[in-house]
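Here's the structure, in structure tokens; my notes come after.
Only heavy atoms go into these numbers, but all of them, side chains included; no hydrogens, no water, no symmetry mates.
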Amino acid sequence: MWRVYFARLLLLVAALVGVVLLIGTLLPHTFRVEQSMAIAAPRAQVYAQIADLRQWLKWSPWSHVADKAEVRPDPGGGTSGALHWRDPRGDGKLWLVSVDPEQAVEYRMTLARFQKVQGRIELSGEGPTQVRWTFEGRFPAGPFYGYFRIFFHAE
């Protein structure tokens, strides 16, 4: 008799795991994060910090890789090259793709198993400078990555 109950319990657990995996696979795998803030500095001063990748290691969300990162020149002749880092969770690279002097900077990034993600930092106003940062991309395929979207406060 206990074998029947055990078999039913095992079947129920397997069905629940299957449902969780199916839901995770069907959830959207895209994310978009947006933050805004005012910085008490002239726009030109703020722009100087976002247009130079060497400065990113001082203030960016990726500053935790500062001791493992380096800015390498762009072999294609770009203005600021690319920021590269090595990490046990996966290597990363960030490079600027578009700069609009004192207005905005657009960048792309590869990180571990993620496909390329893109971001934009827009500036407006004068002292304080209004800064709007957007970051969007797609999680890797897999049933658990659909649940990660919750932690990114995705739209």
Side-chain angles (χ1 to χ4, degrees), residues 16-155:
L16 287 174
V17 168
V19 167
V20 167
L21 293 175
L22 178 63
I23 290 171
T25 302
L26 297 175
L27 286 171
H29 279 60
T30 59
F31 64 89
R32 178 181 168 86
V33 179
E34 185 172 317
Q35 293 289 322
S36 297
M37 71 181 304
I39 297 178
R43 191 185 321 181
Q45 189 177 0
V46 176
Y47 180 78
Q49 294 293 309
I50 66 170
D52 182 354
L53 288 179
R54 293 171 295 203
Q55 301 300 320
W56 282 52
L57 295 176
K58 297 175 184 175
W59 60 264
S60 80
W62 300 282
S63 60
H64 67 282
V65 299
D67 61 331
K68 307 169 203 160
E70 65 178 334
V71 176
R72 298 184 197 155
D74 184 357
T79 57
S80 65
L83 180 62
H84 296 262
W85 65 89
R86 300 191 68 79
D87 190 283
R89 295 167 289 186
D91 298 346
K93 178 182 174 185
L94 184 144
W95 65 100
L96 302 182
V97 294
S98 172
V99 292
D100 183 2
E102 295 190 31
Q103 302 295 322
V105 169
E106 291 185 27
Y107 62 93
R108 300 287 183 270
M109 183 175 159
T110 58
L111 177 65
R113 294 179 34 200
F114 285 73
Q115 298 174 2
K116 289 181 186 172
V117 293
Q118 55 195 28
R120 180 176 174 85
I121 302 172
E122 296 177 50
L123 307 177
S124 62
E126 285 298 330
T129 302
Q130 298 296 319
V131 180
R132 190 177 88 180
W133 172 67
T134 56
F135 183 67
E136 58 190 330
R138 181 170 180 77
F139 290 111
F144 297 108
Y145 285 105
Y147 293 106
F148 281 9
R149 186 174 192 263
I150 297 165
F151 300 109
F152 275 72
H153 305 286
E155 294 177 348

Item to complete: I would like to know whether Ile50 and Leu123 meet side chain to side chain contact (heavy atoms under 4.5 Å, CB included); could you show each step before the answer?
Response: CA-CA 10 Å; Ile50 66 170; Leu123 307 177; 3.9 Å; yes
Worksheet item: Stepwise, does the side chain to side chain contact (heavy atoms under 4.5 Å, CB included) test hold for Glu34 with Arg132?
Response: CA-CA 7 Å; Glu34 185 172 317; Arg132 190 177 88 180; 3.4 Å; yes
Practice prompt. I would like to know whether Trp95 and Thr110 meet side chain to side chain contact (heavy atoms under 4.5 Å, CB included); could you show each step before the answer?
Written response: CA-CA 9 Å; Trp95 65 100; Thr110 58; 4.0 Å; yes
Item to complete: Under the side chain to side chain contact (heavy atoms under 4.5 Å, CB included) rule, what do Thr129 and Tyr47 come out as? Steps first, then yes or no, please.
Response: CA-CA 10 Å; Thr129 302; Tyr47 180 78; over 6 Å; no
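Atom OG of Ser98 and atom CZ of Arg120 lie 7.0 Å apart (nearest 0.5 Å). Taken from CG in Leu96 to CH2 in Trp56, the straight-line distance is 6.0 Å, to the nearest 0.5 Å. We find the CD-CG distance between Gln55 and Leu83 to be 12.0 Å, quoted to the nearest 0.5 Å.
Heavy-atom minimum distance, Phe135 versus Met109: CE1-SD, 4.1 Å. Across all non-hydrogen atoms, the minimal contact from Tyr107 to Thr134 is OH-O, 4.2 Å. Considering every non-hydrogen atom in both Ala38 and Pro128, the closest pair reads CB-CB, 4.1 Å. Shortest non-hydrogen contact noted between Lys93 and His84 is CD-CE1, 3.6 Å. Across every non-hydrogen atom of Arg138 and Thr30, the tightest pair is NH1-CG2, 3.6 Å.
Put simply, the side chain of Arg43 gets close to the backbone of Gly125: a donor and an acceptor are under 3.5 Å apart.
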